[in-house]
Amino acid sequence: MISEKMEAALNKQIELEAYASQYYLAMASWCDKEGMEGASQFLHFQSVEEKEHMMKIFHYLSEVDGFAITPAIPQPPLEFDSVQEVFKQVYEHEKKVTQSINELVAICYKENDYNTLNFLQWYVEEQREEENQARTILDRIKLIGDGGQSLYYIDKEMKKFVAAAQAAEAAGEDGNA
Ligand code: OFO
């Protein structure tokens with residue numbers, strides 16, 4: 001059993017995760033159009049992860065006798081000024097998601113909902129990793145600039161990120177459900 005307040009807050013989080021998935025998908029498509037194959041792969045990978053985050057909450061709600069609402073998703077932006085701008089937006093969005101997870105944790109305490117508190121620990125950890133990852137990429141782009149040669153290097157680095165993440169996932173290190 002879950003309180004109405006907690007159920008509503010988790011449904012809001014479903015919306016946010018779903019939007020993140022679409023947002024990163026739009027960014028992946030833009031990067032692909034700009035010839036940034038590695039960045040596009042990375043964002044596709046992130047988009048799938050966000051969908052998984054959404055589904056994890058979806059299943060949790062059903063497990064605790066709540067009602068998971070399939071969200072309407074607003075159209076994300078389709079055009080971006082630069083790769084730096086793309087990752088700036090990823091970082092900003094991840095910060096917003098972290099804040100939302102923190103608010104959910106606060107509600108758990110108010111509602112004495114220790115099941116959901118336990119469930120959310122995975123998200124707390126995941127957001128720390130994702131925020132850190134987005135900031136690292138952004139810092140690198142800022143450092144080396146986003147001129148032609150730098151972009152080539154950044155794109156290669158992105159492919160490495162994806163390969164490492166896929167290898168970790170295959171080894172069962174990620175914990176995604
Ligand atoms: Fe859903 O992990 Fe980032 O946003």
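Atoms within each ligand, like the ligands themselves, are counted from 1 in listed order. Note that the numbering runs from 1 along the sequence shown for the chain.
A salt bridge links Glu37 to Lys159: one of the charged nitrogens lies within less than 4.0 Å of a carboxylate oxygen.
Residues passing the side-chain contact (heavy atoms from CB on, under 4.5 Å) test with Val48 are Glu52, sequence neighbours excluded.
Applying the ring pair (Phe, Tyr, Trp, His ring centres under 6.0 Å) test to pairs two or more places apart or on separate chains, those with a residue in residues 123-147 are Phe119-Tyr123. Residue pairs meeting the ring pair (Phe, Tyr, Trp, His ring centres under 6.0 Å) criterion with at least one partner in residues 130-170, sequence neighbours excluded, are Phe42-Phe161.
The CG atom of Asn11 sits 12.0 Å away from the CD atom of Glu4 when rounded to the nearest 0.5 Å.
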Report every pair formed by an N or O atom of ligand 1 and a protein N or O atom separated by less than 3.5 Å, giving atom names and the distance to 0.1 Å.
from: ligand 1; atom 1: 2 (O); to: Glu50; atom 2: OE1; distance (Å): 3.1
from: ligand 1; atom 1: 2 (O); to: Glu50; atom 2: OE2; distance (Å): 3.2
from: ligand 1; atom 1: 2 (O); to: His53; atom 2: ND1; distance (Å): 2.8
from: ligand 1; atom 1: 2 (O); to: Gln127; atom 2: OE1; distance (Å): 2.7
from: ligand 1; atom 1: 2 (O); to: Glu130; atom 2: OE1; distance (Å): 2.5
from: ligand 1; atom 1: 4 (O); to: Glu50; atom 2: OE1; distance (Å): 3.1
from: ligand 1; atom 1: 4 (O); to: Glu50; atom 2: OE2; distance (Å): 3.0
from: ligand 1; atom 1: 4 (O); to: Glu94; atom 2: OE1; distance (Å): 2.9
from: ligand 1; atom 1: 4 (O); to: Glu94; atom 2: OE2; distance (Å): 3.0
from: ligand 1; atom 1: 4 (O); to: Gln127; atom 2: OE1; distance (Å): 3.4

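The shortest side-chain heavy-atom distance between Arg140 and Ile154 does not fall under the 4.5 Å cut-off.
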